[in-house]
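Counting from 1, the numbers follow the sequence of the chain as shown.
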Amino acid sequence: MSKPAPTFEMLRGMAGQELGVSGWVTVDQSRINQFAECTGDHQWIHVDTERAKRRSPFRSTIAHGYLTLSIIGALGQDLGAVPENTQAAFNYGLDRVRFISPVRVGSRIRLRSTMMWMEDRGPGQYLIKANNVVEIEGEEKPALIAETLIMFYERRTRPVQA
C-alpha cells in the first residue's frame, strides 16, 4: 500500500528527511542497448557482451553512467513524494553528481531520496533540492549520488467570475 502524497505545506518542514525509497528495477542488456541506440554511445563495455566477458575488469557489460543517472526521474515518481495538487514538475538541474560504482548488466537498482531544501519561486512555484542515492542490490557502495533540482507548479483554482 502506497503512502499518501505530501502537500506542499508538508514538504516545507521536511528538509533533511527521507522522501522515500523506490522499488527495484533490473538493468538488463536490452535497456543498455536501447540507451546506446538513443545516445549513440556504443562503447564496447556497454554493448559487446562477449568482449566484456573477456576484457572488462567487471567481466560483463555495464550500464552507461548517464543511463543510471537518467533513471532517477522515473524512480523518483515511484517514491510517492510528488506533492498532491501538482500541475507540473520539471527538471531544473543537477548539482554534484558522482558515479561511485558500475552497474553490471542484470543488476537491480533503486533510488533513495532525501529532501535537502525547498524554496518558493513565486505564486504556486516551488524549487526543491533532493539528495539521491542509486543503490545496487547486494552492493556496499551505491552506483551514484546526485543532487537534483526540481521545479514544481501547484495546480491553482481560478476565481469564479460573475
Side-chain angles (χ1 to χ4, degrees), residues 1-28 30-32 34-41 46 62-104 106-162:
M1 185 168 148
S2 63
K3 65 181 181 181
T7 64
F8 285 104
E9 197 55 43
M10 289 168 64
L11 284 178
R12 288 185 198 289
M14 291 183 65
Q17 293 182 35
E18 188 172 271
L19 292 169
V21 179
S22 74
W24 292 103
V25 170
T26 301
V27 180
D28 59 15
S30 174
R31 184 183 297 250
I32 294 169
Q34 288 174 36
F35 188 83
E37 201 57 40
C38 287
T39 62
D41 182 352
H46 304 303
I62 59 171
H64 304 73
Y66 286 120
L67 166 58
T68 308
L69 181 63
S70 70
I71 290 175
I72 289 176
L75 295 178
Q77 293 177 35
D78 189 40
L79 298 178
V82 174
E84 67 178 40
N85 211 32
T86 295
Q87 179 178 352
F90 299 98
N91 289 325
Y92 193 78
L94 296 164
D95 286 343
R96 195 176 146 81
V97 176
R98 297 292 182 266
F99 298 99
I100 311 295
S101 296
V103 177
R104 290 176 176 83
S107 296
R108 292 189 343 145
I109 61 172
R110 70 178 177 187
L111 175 66
R112 183 176 303 274
S113 187
T114 302
M115 185 159 137
M116 298 175 75
W117 51 256
M118 173 180 166
E119 69 180 43
D120 291 352
R121 285 293 181 99
Q125 299 175 31
Y126 309 96
L127 183 62
I128 294 177
K129 185 172 188 176
N131 185 59
N132 299 278
V133 179
V134 176
E135 301 173 337
I136 307 168
E137 187 176 43
E139 298 283 331
E140 187 175 316
K141 293 181 181 177
L144 67 84
I145 297 171
E147 295 173 357
T148 55
L149 297 159
I150 308 293
M151 181 67 80
F152 286 94
Y153 292 85
E154 186 173 15
R155 181 175 292 108
R156 299 168 49 145
T157 57
R158 301 187 196 286
V160 178
Q161 296 187 3

Indicate every side-chain donor-acceptor pair of residues 68-77 with a distance under 3.5 Å to a residue at least two apart or in another chain.
residue	atom	partner	partner atom	Å
Thr68	OG1	His64	O	3.4
Ser70	OG	Tyr66	O	3.3
Ser70	OG	Leu67	O	2.8

Expected list for residues 84-91: side-chain donor-acceptor pairs under 3.5 angstrom, two or more places apart:
residue	atom	partner	partner atom	Å
Asn85	ND2	Arg155	O	2.9
Thr86	OG1	Pro83	O	2.5

Please table the atom pairs, donor to acceptor, closer than 3.5 Å between any side-chain atom in residues 139-154 and protein atoms at least two apart or in another chain.
residue	atom	partner	partner atom	Å
Glu147	OE1	Lys129	NZ	3.2
Thr148	OG1	Asn132	ND2	2.8
Glu154	OE1	Tyr126	OH	2.9

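The two residues Ala81 and Pro6 make their nearest non-hydrogen contact at O-CG, 3.6 Å. The minimum heavy-atom distance between Leu127 and Trp117, with the atom names listed, is O-CZ3, 3.7 Å. The heavy-atom pair separating Val21 from Glu18 by the smallest distance is CG2-OE2, 3.6 Å. Taking all atoms of both residues into account, the shortest heavy-atom contact from Val27 to Ala63 is CG1-CB, 3.8 Å.
In terms of the side chain to side chain donor-acceptor pair (under 3.5 Å) criterion, residue partners of Arg110 (sequence neighbours excluded) are, by chain and number, Glu135. In this view, Glu37 satisfies the salt bridge (charged side-chain N to carboxylate O under 4.0 Å, His left out) rule with no residue, not counting sequence neighbours. For Glu137, the side chain to side chain donor-acceptor pair (under 3.5 Å) partners two or more places apart in sequence, or in a different chain, are Arg108.
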Legend entry - Residues Leu19, Leu11; criterion side-chain contact (heavy atoms from CB on, under 4.5 Å); working and verdict: CA-CA 9 Å; Leu19 292 169; Leu11 284 178; 4.0 Å; yes
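Atom CE of Met116 and atom CD1 of Ile128 lie 13.0 Å apart (nearest 0.5 Å). Separating the CD1 atom in Ile136 from the CZ atom in Arg104 is a distance of 8.0 Å, to the nearest 0.5 Å. The line from OG of Ser113 to CG of Asp78 is 12.0 Å long, rounded to the nearest 0.5 Å.
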